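For reference, the structure discussed in these notes is given below.
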Protein chains: 2
Amino acid sequence: MKVTINDVAAMAGVSIKTVSRVINNEPSVRPATRKKVMDAVAALNYQPNLAARNLAGTRSYTIAFIYDNPNAYYVIDMQNGILEACKARGYELLIHPSNSKSASVHDELKNLVEHSKVAGLVLTPPFSETAAVIETVKSLNVDYVRIVSAAAAHEDEENCIQVDDSAAAYDITQHLLQLGHKRIGFLCGGEEHVSTHGRLDGYRRALQDAGLPIEDNLILKGEYSFDSGVEGAKALLQSDNPPSAIFASNDEMAAGALFAARLMHIEIPQQLSIVGFEDSPFSRQTWPKLTTAHQPNNEIAKCAAALVLSKARSKGATENGKASKEAGIQREFTPSLVVRDSSGPAPKQ
Amino acid sequence: MKVTINDVAAMAGVSIKTVSRVINNEPSVRPATRKKVMDAVAALNYQPNLAARNLAGTRSYTIAFIYDNPNAYYVIDMQNGILEACKARGYELLIHPSNSKSASVHDELKNLVEHSKVAGLVLTPPFSETAAVIETVKSLNVDYVRIVSAAAAHEDEENCIQVDDSAAAYDITQHLLQLGHKRIGFLCGGEEHVSTHGRLDGYRRALQDAGLPIEDNLILKGEYSFDSGVEGAKALLQSDNPPSAIFASNDEMAAGALFAARLMHIEIPQQLSIVGFEDSPFSRQTWPKLTTAHQPNNEIAKCAAALVLSKARSKGATENGKASKEAGIQREFTPSLVVRDSSGPAPKQ
DNA sequence: CCGACTAATGACAGCGCTGTCATATCGAAC
DNA sequence: GTTCGATATGACAGCGCTGTCATTAGTCGG
């Protein structure tokens, strides 16, 4: 019924150890032998038993995906990307929702790594960016890849996939500037997200490069939530001298800002431009549709997973093998501007 | 370092087989012995190795979650619920995104069950409701639980967690009726979803019970998507005799309807009431906030997972044991009406 | 207090694979 | 045609657990 390594060995006329060598891409197998085995594998549609591999070997064929983000679209995109990478390489995925604010992250991660024998960890923000988590994974002797906002890589670039929030925010701000906006409100995301700071930085740089002043009262603290967007926009719009455009740090906040503008009977984009960040599905489901920055989460996750897996697989291999395997994996992403209907020319004075 | 069954056995002064009996809740262990073992387990913080269990035993400690739904919030809610149930019982979860329309579902599922040795399957709509899938899982000699719209249980209630879309839709429609609406447009979801039919049925029954005619031209086919909601609402509102309320089959469509109304400068809910279904997060992020039916997805999924696990675990056990274990798991859910701001009294003629 | 029976416990093999180490095979140099 | 030094291959144990079956301890009636 179920085909095992023994069946393959019998068919190919070799020992099971040779089959093992072939499927693990180990050296010291003659090309002719390798071919015989591969043919048998194909003929029988053999797939190694993960449980047995995990049990027998020193290495593990399981990686874990740890997330701590309320945005379902974000998580699913990431998860699907990781899943693809795992499937392509015959690995298993352990899903682990967590909470970076919890005091027990250390124990939690430690337990996960030591007990579940995972080969690697893929971490997403904000989990991937909190000090306690970084410290823990570094100390844990486990391969990991942190998906982070560029500034959060610190001196750990080799274990990071970086998203350049600052550059993307610069582009978005410049887009507004080109539309003639001189005073642009900025709604910050949560402090704990490094992306919040990156996006603000991009906004600031764009204004500076355009020779425009940075008005602190146009920059409001907030969180990456709809409600926060509503409040921030209200505050901005009810001030004495409201801006002609609002840059919300993510689409959810932008949707909130849209909501607030509507409550105040402000026409978008005629009287006010609003832009978001992330290009999540519902940036296309607002009215009007949001101008935003597209972040290829699926692709980012796929690269992150590919990276952990290459790290994990090269553990016992030669050093040069390691270098060559990690090559070709994109490590930096810059979300790209997507212009839709929520941004328009600045109104005449 | 890692604590195994041997360590526990040594500490408790029994054989490993006895430890195995205790952790698997098998009979024929004297209470005193059981306690000794349990104490040792607790003292050493022993957790059985899943890979070894999967490899050694005839049964598996892995269940799979199969989904085929573009709604990320839905999937994540379900997934988290299943994860909780798995964790509580020491099972592992295999995530398997799929496509019910693909011709290879049969092979895909077969391969999943036979190769990955999963103990059970949790299926969500629309995957859980397609004929090919149902046929396959029935033929596969694997425990499964289908989360379905009530009408889709057919003669398979024992393997279903049912959501009573019809009853919930009845409640929603009645809510509109009580607000004085006489003519209510209905935007259908995709044909392949059984929930589409259930929701329509509830709508029809409510009208009938109120002695109101069912106007076929107020019922529009569509899909569970934003764009479909836009189109449907437009068609309804541009007709000669538009309704005073629109019942969109889910929140995403309702958001689309809101969008369309906005385009046509129709005030919600003053001129038109719009209601959704599902209570997904963004039903609170539209303007105005949506009146909808709350569906406890997390809870539903938890019950579904608990049900497969109880089925799987009782496999070798006595028949009466089986019955008792499945007791206490809720098998039917009716989404409950949540009134927000998108529904209001019917406008005067 | 003894045999007959049942309940409790343990010894051992083996799940499918990998790691270690021994053996066999090959090629090149003499 | 040998010998040596790789390189290629195989035998075997064992990962941590469960299933089977043998063994031991306990219970009851007479």
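Numbered from 1 within each chain, the chains take letters A, B, ... in sequence-line order. These numbers come from the heavy atoms of this one structure, side chains and all, not from hydrogens, waters or symmetry mates. No experiment lies behind these values; they were computed from the predicted model shown.
Under a 3.5 Å cut-off, the side chain of B:Asn24 and the backbone N or O of B:Glu26 do not form any donor-acceptor pair. Side chain of B:Ser128 to main chain of B:Ile147: a donor-acceptor pair is present (N/O by atom type, distance under 3.5 Å, no hydrogens or angles). Remark: the backbone N or O of B:Ala132 is paired with a side-chain donor or acceptor of B:Thr136 at under 3.5 angstrom. For A:Arg89 (side chain) and A:Ser310 (main-chain N/O), no donor-acceptor pair under 3.5 Å exists by modelled atom type.
Where A:Arg30 and B:Arg30 meet DNA chain C, the nucleotide closest to each residue was compared, and B:Arg30 sits on the side nearer the 5' end.
Residue B:Thr18 places none of its side-chain N or O atoms closer than 4.0 Å to OP1 or OP2 of C:dT9. Proximity of B:Thr33 to the phosphate of C:dT9: a side-chain N or O atom is located under 4.0 Å from OP1 or OP2.
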Could you run through nucleotides 15-20 of chain C and give me one letter per nucleotide, 5' to 3': B if any protein heavy atom sits under 4.0 Å from the base, S if only the sugar-phosphate is that close, - if neither? BBBBBB
Decide side-chain hydrogen bond (donor to acceptor under 3.5 Å, both in side chains) for A:Ser102 and A:Glu108; before the verdict, give the C-alpha distance in whole Å, the side-chain angles of both, and the deciding distance to 0.1 Å. CA-CA 10 Å; A:Ser102 148; A:Glu108 193 182 325; 4.6 Å; no
